[in-house]
Amino acid sequence: MLSLQSLDLFLFSLSRILCTPFAIFIQIQGCIICLVLALGWALAARVRNREIKQMTNSMKNGNSLSFLCHDINEFEHSNQVNLPRVTVIMPLKGFGEHNLHNWRTQITSLYGGAIEFIFVVESTEDPAYHAVSRLISEFEDYVDAKIIVAGLSITCSQKIHNQLVGVEKMHKDSKYVLFLDDDVRVHPGSIGALAREMEKKPEIFIQTGYPLDLPSGSLGSYCIYEYHMPCSMGFATGGKTFFLWGGCMMMHADDFRQDRYGLVSGLKNGGYSDDMTLAAIAGAHKRLISSPPVAVFPHPLASDLNFGRYWNYLRKQTFVLESYITNVNWLMNRALFAFHSWASWGFVTPYFMALIHVAAALRFYNMPYSFEETPYTSGGLVLVTVLAICTLVELLSMWNLTRIEVQLCNMLSPEAPQLSLASYNWCLVFVAMLVDNFLYPISAVRSHFSQCIDWSGIQYYLKDGKVSKIERTKRSKDMGPVFTDLGGKHLYGKKGLPTRGSFLSSLVKSFAQWHQPKKFDN
């Protein structure tokens with residue numbers, strides 16, 4: 001009994017210590033972080049919701065194709081024939097459960113202008129090569145698409161190498177180049193919306209977007225969703241932004257042809273992260289990055305995305321802060337490293353304190369004995385109540401933004417299976433918030449001291465912010481498939497086979513025959 005009393009006394013004393021001014025400051029700080037996130041998501045939801053209202057009003061006015069363009073006059077033949085040529089480049093690595101469907105949405109775009117699709121793989125041994133080859137053969141009479149073998153990268157990441165090889169092979173008359181990751185599920189009008197903005201605002205250096213994660217049910221998938229959500233508010237501005245997502249980037253093709261601002265050399269000579277490098281170049285030269293409100297893309301996560309693959313993804317995300325091209329870029333990365341780490345543990349710490357307050361309260365009201373002078377104070381429960389309210393507000397704001405983005409995605413892809421919020425487990429979302437924010441500083445510190453990362457079976461070593469060495473592990477055929485990334489892709493295993501087409505596939509074939517009978521002419 002004496003040992004139990006000692007334990008209770010320690011618990012009550014600890015709860016009282018957590019009611020000192022400094023401890024209260026830490027807990028209030030966590031509440032403020034919750035409210036700031038809630039406000040950011042509310043503003044992002046407002047931008048996305050405004051786009052939904054515009055589409056709804058356009059449909060009421062008789063434009064049944066508002067998911068492609070608000071102005072029905074844009075569909076006039078005189079406007080369509082003057083649309084700029086676009087080259088879409090998709091660097092591939094491996095083959096996963098959602099890749100084939102994603103590629104279909106990319107090549108079945110209802111963009112009215114001339115467009116070509118270039119898939120780039122490292123080698124013919126990549127399972128993606130065979131899956132894409134079959135897909136291209138299915139649409140060879142309707143879509144200008146080809147697959148290119150880029151070979152192994154030597155001076156930069158394999159993704160950047162694939163992108164630059166695709167740029168070298170793009171059509172000489174292409175005005176814009178669009179880079180898409182293989183896990184991007186675009187809408188029928190996405191490419192047209194991006195090109196339209198580039199035409200209206202030539203000062204735009206890069207157009208970008210952001211994914212809407214669709215968790216598969218595992219804790220790892222919810223951690224990915226929670227990791228992306230704070231960043232999503234930076235892309236839901238409806239225009240100018242300082243953020244850039246490498247999964248969707250539309251740029252002026254001439255910027256690559258002329259190596260403007262040294263962007264090609266900056267990527268090729270030691271580049272690890274395409275988006276971080278280009279964002280740094282944009283910032284250094286005060287160029288505009290823009291994110292239109294319709295640039296939000298469904299991103300289904302692998303059904304077997306386990307915690308280990310989440311941790312590998314988090315490591316890759318924190319590792320990009322170790323790459324830089326200028327001293328200013330290095331300082332910005334250090335500042336982001338410090339701020340994100342502070343905010344992450346500043347968010348998590350109050351919940352550990354709240355557990356102590358709750359445990360102390362439960363012991364105080366249920367203990368079978370009494371102290372002559374109880375060190376317990378009920379002030380801790382007040383702090384717990386405030387934190388609970390702030391957490392509820394934050395979760396409601398996150399839920400609201402997700403709800404609106406789900407609705408927007410459904411309107412932008414009316415023929416696709418409709419997304420739903422019903423599959424989201426908000427208890428797991430809350431747990432993922434704690435887990436992800438707790439692990440982020442640990443991952444960031446490890447990345448800083450290791451200066452090495454495994455990305456899709458390739459080890460990259462950095463020195464002075466650039467790729468200095470690349471190692472590839474040789475695998476025998478009997479070692480079986482390796483899974484990586486969020487889609488759980490096969491890197492060395494079985495080859496993918498295309499599935500049956502959709503209504504949109506048929507529509508794009510008819511659209512191609514009607515509008516671009518000479519699309520393959522040079």
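Legend: residues meeting side chain to side chain donor-acceptor pair (under 3.5 Å) with H285, ordered by chain and number and at least two apart, are absent. Considering only residues two or more places apart in sequence or on other chains, E471 meets the salt bridge (Lys or Arg N to Asp or Glu O under 4.0 Å) condition with K469. By the side chain to side chain donor-acceptor pair (under 3.5 Å) test, S413 pairs with H187, sequence neighbours left out.
Under a 3.5 Å cut-off, the side chain of E122 and the backbone N or O of A150 do not form any donor-acceptor pair. A distance-only check finds a donor-acceptor pair linking the side chain of S232 to the backbone of M229 [under 3.5 Å]. Side-chain N or O atoms of R196 include none that pairs as donor or acceptor with a backbone N or O of I191 at under 3.5 Å. Between the E405 side chain and the R403 main chain, no donor and acceptor come within less than 3.5 Å of each other.
A salt bridge is defined here as a Lys NZ or Arg NE, NH1 or NH2 lying under 4.0 Å from an Asp or Glu carboxylate O, and R334 with E322 meets this definition. Between D304 and R309, at least one side-chain nitrogen of the basic residue sits less than 4.0 Å from a carboxylate oxygen of the acidic one, meeting the salt-bridge criterion. A salt bridge between R104 and E138 is present, with a side-chain N of the basic residue lying under 4.0 Å from a carboxylate O of the acidic one.
With no hydrogens or angles considered, no side-chain donor-acceptor pair links S290 and E197 at under 3.5 Å. For the residue pair S190/R185, the side-chain donor-acceptor check at 3.5 Å is not satisfied. A donor atom on one side chain and an acceptor atom on the other are found under 3.5 Å apart for H299 and D183. Side chains of S218 and Y310: no donor on one and acceptor on the other come within 3.5 Å. Counting only N and O atoms by type, the side chains of N102 and Q106 include no donor and acceptor under 3.5 Å apart.
For W103 and F139, the ring centers sit 6.0 Å or farther from each other. Checked against the 6.0 Å centroid threshold, F243 and Y210 do not count as a close aromatic pair. Between Y272 and W455, a ring centre-to-centre spacing shorter than 6.0 Å is recorded. F319 has its ring centre no less than 6.0 Å from the ring centre of Y460. For F235 and H228, the gap between ring centers reaches or exceeds 6.0 Å. Checked against the 6.0 Å centroid threshold, F256 and F179 count as a close aromatic pair.
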- Query: Run the salt bridge (charged side-chain N to carboxylate O under 4.0 Å, His left out) check on D454 and R315 step by step: do they pass?
  - Reply: CA-CA 9 Å; D454 183 288; R315 285 272 290 112; over 6 Å; no

- Message: Assess the residue pair H161 and Q158 against the criterion (side chain to side chain contact (heavy atoms under 4.5 Å, CB included)); give the C-alpha distance rounded to whole Å, side-chain angles, the decisive distance to 0.1 Å, and a yes or no.
- Response: CA-CA 5 Å; H161 177 69; Q158 188 65 46; 3.6 Å; yes

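When every heavy atom of I206 is checked against every heavy atom of L278, the shortest pair comes out as CD1-CB, 3.8 Å. The shortest non-hydrogen separation linking K268 to L164 is CB-CD1, 3.8 Å. Of all non-hydrogen atoms in V186 and L180, the two that sit nearest each other are CG1-CD1, 4.0 Å. Across all their heavy atoms, G209 and S291 have their closest contact at CA-OG, 4.1 Å.
More than 12 heavy atoms of other residues, nucleotides or ligands shown are found within 6.0 angstrom of CH2 on W311. Dense packing is recorded around NZ of K146, with more than 12 heavy atoms of other residues, nucleotides or ligands lying under 6.0 Å away.
Of the residues listed (H171, E116, K175), the one engaging T87 in a side-chain hydrogen bond (donor to acceptor under 3.5 Å, both in side chains) is E116, and it is the only one.
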